[in-house]
Amino acid sequence: MKKQIAILGSTGSIGTQALQVIEEHADLYEAYALTANNRVDELIAQARKFMPEIVVIGNESKYLQLKEALADLPIKVYTGEEALCQIVAEQPVDMVLTAMVGYAGLRPTMNAIRARKTIALANKETLVVAGELINELARVNGTPILPVDSEHSAVFQCLTGEVGNAIEKVILTASGGPFRTFTREQLATVTKEQALRHPNWNMGAKITIDSASMMNKGFEVMEAKWLFGVRPDQIEVVVHPQSVIHSMVQFEDGAVKAQLGMPDMRLPIQYAFSYPDRLHASFPRIDFRTCTNLTFEQPDTSRFRNLALAYEALHRGGNMPCIVNAANEVCVAAFLHDRLSFLGMSDIIERTMQRASFIRKPSYEDYVATDAEARRIAEESIANN
Ligand code: NDP
Ligand code: MG
């Protein structure tokens, strides 16, 4: 029986690499459902190649084009947010890869957890926004959540065989992004073109900007807290520009385990698919004859204020990470449309944190309201900037 995988966001960076993994192991995995938001031509090509049972296009105005293009095939075609939420619960689905961007991933992920489909989690925003709720839902339903994010996959691999052994620290590595060595003055004038040029990873636009601003690392600290049950003071970030060590765990005897590899997301994607087994992979290997210089630096939260704001949100807890996530999504979109400067993003996020209503113990409905309120505040602040 091949594992049936639903890929939410199959046309993106993670989605397309997941399909490469499925192609390489066609004897083990099958794409049961493929979904996109706008890129309908890519979705059509993927559907014709992988022959899933179901395809979904988020944007309803693209539905007819998709439906007509696949009319000769026995593929069910749906559209809209509701369809995305429903297809994850289809009986044959074994695993849901959450590879869509942002807050939009929350509801489909919750539905997949309720339907007891193993989650391969790329959409870190789900845990940033509602980590406590997601963990509780996963616990009640006995649904495993396997990390796809490279750092968390590394930690997860380091923890294999360590059941019952106390973790002293989780050490997340960060590349530092394209602006690692920039001064504040230089950061004030950077453009989106510069920010979109990540030194080590080829990713979707939103996470690439988050990496440049180091908000991505802040989100990953939150993600680590919820995935591994560690306290914030047990999570350390170290800048490691070569991105060869994907992350580390320090145990109570002082031993540190690290997972190393080339910066290639297909490895963590494949590990989530095959866990607890490992499968052969054709990806490039590290060559220690050329990879001779692994370096480490401390992150600088005065130049990268988003990282400091993420830490603050983590410490304040409640709906504060949800507020930060919503403000950040609005800011990144504005930066990508030249409506906000790179450093302006931190100003708007900070202002939104001050103005949005704080809720200590949010329910799902509270998160929905918080997301809407924080987006409105951030949009208004940008307009008045
Ligand atoms: P991309 O922008 O490359 O792809 C996003 C995918 O999700 C696309 O298929 C897109 O459709 C779809 N999508 C976007 N918004 C919506 C929406 N509102 N409703 C339905 N579908 C939507 O992103 P990435 O692949 O880079 O990232 C995906 C997730 O994985 C993010 O949460 C990111 O943080 C995380 N991640 C990514 C890594 C990477 O290397 N790329 C590494 C670690 C984590 P369309 O193509 O039609 O726009
Ligand atoms: Mg990562």
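Predicted, not measured: the structure shown is a model, and the values here were computed from it. All residue numbers refer to positions in the sequence shown, counting from 1. Counting convention: from 1, in listed order, for ligands and their atoms alike.
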Under 3.5 Å between some N or O of ligand 1 and some N or O of [X]?
| X | result |
| --- | --- |
| I207 | no |
| N38 | yes |
| R39 | yes |
| S13 | yes |

Considering only the protein, which heavy-atom contact is closest to [atom], and what is its distance?
| atom | answer |
| --- | --- |
| atom 32 (O) of ligand 1 | E125 OE1, 2.7 Å |
| atom 27 (O) of ligand 1 | I14 CG1, 4.3 Å |
| atom 6 (C) of ligand 1 | A99 O, 3.4 Å |
| atom 20 (C) of ligand 1 | M100 CE, 3.5 Å |
| atom 13 (N) of ligand 1 | N37 CB, 3.7 Å |
| atom 26 (O) of ligand 1 | G204 N, 2.8 Å |

For ligand 1, which atoms, with element, lie under 4.0 Å from some heavy atom of M203?
26 (O), 39 (C), 40 (O), 41 (N)
Give the numbers and elements of all ligand 1 atoms closer than 4.0 Å to a heavy atom of K124.
32 (O), 34 (O), 44 (C)
Rounded distance [0.5 Å steps], NE2 in H25 versus NZ in K2:
13.0 Å
Taking the side chain as every heavy atom from C-beta outward, state whether M214 and D300 have any pair of such atoms under 4.5 Å apart.
no
Heavy-atom count around [X] [atom1] within 6.0 Å, excluding the residue itself: above 12?
| X | atom1 | result |
| --- | --- | --- |
| H337 | NE2 | no |
| E252 | CD | no |
| R360 | CZ | no |

Check whether any side-chain N or O of R184 sits under 3.5 Å from a backbone N or O of S302 as a donor-acceptor pair, and report yes or no.
yes
Quick check on side chain to side chain contact (heavy atoms under 4.5 Å, CB included): which of L137, T118, I119 does T143 satisfy it with?
I119
Describe, in one word, how the ring planes of F179 and F182 are oriented to each other, choosing from parallel (under 30°), tilted (30 to 60°) and perpendicular (over 60°).
tilted
With under 30° as parallel and over 60° as perpendicular, where do the rings of H152 and F228 fit, or are they tilted in between?
parallel
Taking only non-hydrogen atoms of A122, do any sit less than 4.0 angstrom from ligand 1?
yes
Polar protein atoms (N, O or S) that approach the Mg ion (ligand 2) to under 2.8 Å
D149 OD1, E151 OE1, E220 OE2
